[in-house]
There are 2 protein chains.
Amino acid sequence: MYDGIIQDLIDEFGRLPGIGPKSAQRIAFHILQTQNFDVSRLAELLTEVREKVRFCEVCGNITEQERCSICRDPRRDETLICVVEEPKDVVAIERTRQFRGLYHVLGGAISPIDGIGPDDLSIPALMRRLGAGDVREVILATDPNLEGEATAAYLSRLLTSIEVPVSRLASGLPVGGDLEFADEVTLGRAFEGRRQV
Amino acid sequence: MYDGIIQDLIDEFGRLPGIGPKSAQRIAFHILQTQNFDVSRLAELLTEVREKVRFCEVCGNITEQERCSICRDPRRDETLICVVEEPKDVVAIERTRQFRGLYHVLGGAISPIDGIGPDDLSIPALMRRLGAGDVREVILATDPNLEGEATAAYLSRLLTSIEVPVSRLASGLPVGGDLEFADEVTLGRAFEGRRQV
């Protein structure tokens with residue numbers, strides 16, 4: 001709809017996840033018209049992020065060095081490994097401040113519909129880490145959805161070969177939620193996992 | 001929450017309108033992980049858009065030349081001027097294919113709350129264009145909200161000095177809408193502006 005480069009910029013923003021044509025237009029005009037928005041900074045970061053950011057050679061988390069800040073931290077408990085799907089999940093768990101072990105980022109979840117099988121995930125690296133001994137618990141913290149559950153089930157079967165306790169994060173009612181609005185699967189899980197008080 | 005540059009990129013995206021921290025994180029990871037997303041292209045466009053895109057010296061619409069593609073088009077009717085707030089509004093009206101005249105982009109609307117008065121809009125340029133004669137109708141197509149209505153009222157008073165017919169876009173029920181869901185102001189306007197059939 002626009003002439004030349006502004007339309008190119010709108011199109012390029014429209015390719016990003018969660019940005020429709022209207023938002024892309026709004027962003028492009030914001031960049032064009034807001035003088036104190038530092039375009040060169042954003043342009044630099046876009047180029048640098050691909051060059052500098054890589055995956056931790058131990059756990060697969062993102063880092064700008066060979067090993068991520070968590071794997072480098074000597075205060076972390078090396079005998080606990082929490083298995084997650086994505087680097088974003090590491091951040092989510094770190095925010096709870098409840099876990100002081102290390103992570104293993106699979107890089108996704110098993111999803112036949114998207115053509116993602118166990119071979120596409122960093123499972124061999126996990127097995128090597130566990131094979132090196134010393135680990136006293138593996139916590140499966142994949143998402144509580146179809147793909148995440150399938151991945152957790154696959155991993156727990158695989159891990160029976162190694163004699164290490166495997167746990168899965170609890171499912172149940174979200175804190176601050178309302179019982180009447182919980183879906184039946186979540187409420188069912190909350191019943192299953194009930195604890196004596 | 002993240003280390004270094006990826007967090008910087010998330011922060012930078014979070015500064016754009018309509019992008020919250022969660023969306024910014026999603027976009028940053030998309031850029032990091034999607035190999036066929038052309039980051040250098042987006043980075044280039046960001047820099048170029050500020051350098052190359054400017055405002056048409058006649059109407060204030062965006063262009064990469066001195067005059068925009070509409071002002072350059074000899075088939076457009078120079079005796080009709082449609083006054084709008086933003087370049088986006090030009091695109092919206094062009095999409096209707098109902099208007100073959102020229103535009104005048106004010107660059108905003110009068111809004112005392114945001115400190116925008118008539119002097120901040122390109123009103124002198126509009127008066128010069130109208131003073132040059134030949135114009136047989138000015139269509140005020142500012143937004144049908146408080147600021148747009150105030151701007152239209154201001155302009156219509158100002159334009160009484162020049163003897164040129166001034167019109168305002170019709171307000172009423174949106175086509176495809178549902179009468180029962182129309183707000184009372186819109187419905188009131190639809191009554192006021194009713195036409196004999």
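Lettering of chains follows the sequences in order, A, B, ..., and the numbering in each one begins at 1. Just so it is clear, the model here is predicted, and its values are computed rather than measured.
- Among the candidates N61(A), T63(A), D38(A), I31(A), the residue making the largest number of heavy-atom pairs closer than 4.5 Å to chain B is I31(A).
- With respect to chain A, the highest number of heavy-atom pairs below 4.5 Å among E48(B), R41(B), R95(B), K88(B) belongs to K88(B).
- The greatest number of non-hydrogen atom pairs below 4.5 Å with chain A, out of E94(B), Q33(B), E44(B), is found for Q33(B).
- Counting only N and O atoms by type, the side chains of S167(A) and E137(A) include a donor and acceptor under 3.5 Å apart.
- Shown here for R76(A) and L102(A), the closest heavy-atom pair between the two residues is CB-CD2, 3.6 Å.
- Considering only heavy-atom pairs separated by less than 4.5 Å from chain A, the leading option among P17(B), G18(B), S40(B) is P17(B).
- In this structure, CD1 on I123(B) lies 5.0 Å from CG on L155(B), to the nearest 0.5 angstrom.
- Using a 4.5 Å cut-off between heavy atoms, E86(B) contacts chain A through its side chain alone, with no backbone atom that close.
- Between F37(B) and R15(A) the shortest heavy-atom distance is CE1-CB, 4.0 Å.
- With a 4.5 Å cut-off on non-hydrogen atoms, S69(B) touches chain A through its backbone and its side chain both.
- Interface summary for chain B: among L9(A), D11(A), T47(A), the most heavy-atom pairs under 4.5 angstrom belong to L9(A).
- Across all their heavy atoms, I10(B) and A28(B) have their closest contact at CG1-CB, 3.5 Å.
- Taking each heavy atom of V58(A) and R67(A) in turn, the nearest pair found is CG2-NE, 3.5 Å.
- Proximity to chain A is limited to the side chain of E64(B), based on heavy atoms less than 4.5 angstrom apart.
- Residues R136(B) and V164(B) come closest through the heavy atom pair C-CG2, 4.0 Å.
- Chain B forms more heavy-atom pairs under 4.5 Å with one residue of T34(A), I19(A), L32(A), V90(A) than with any other, namely L32(A).
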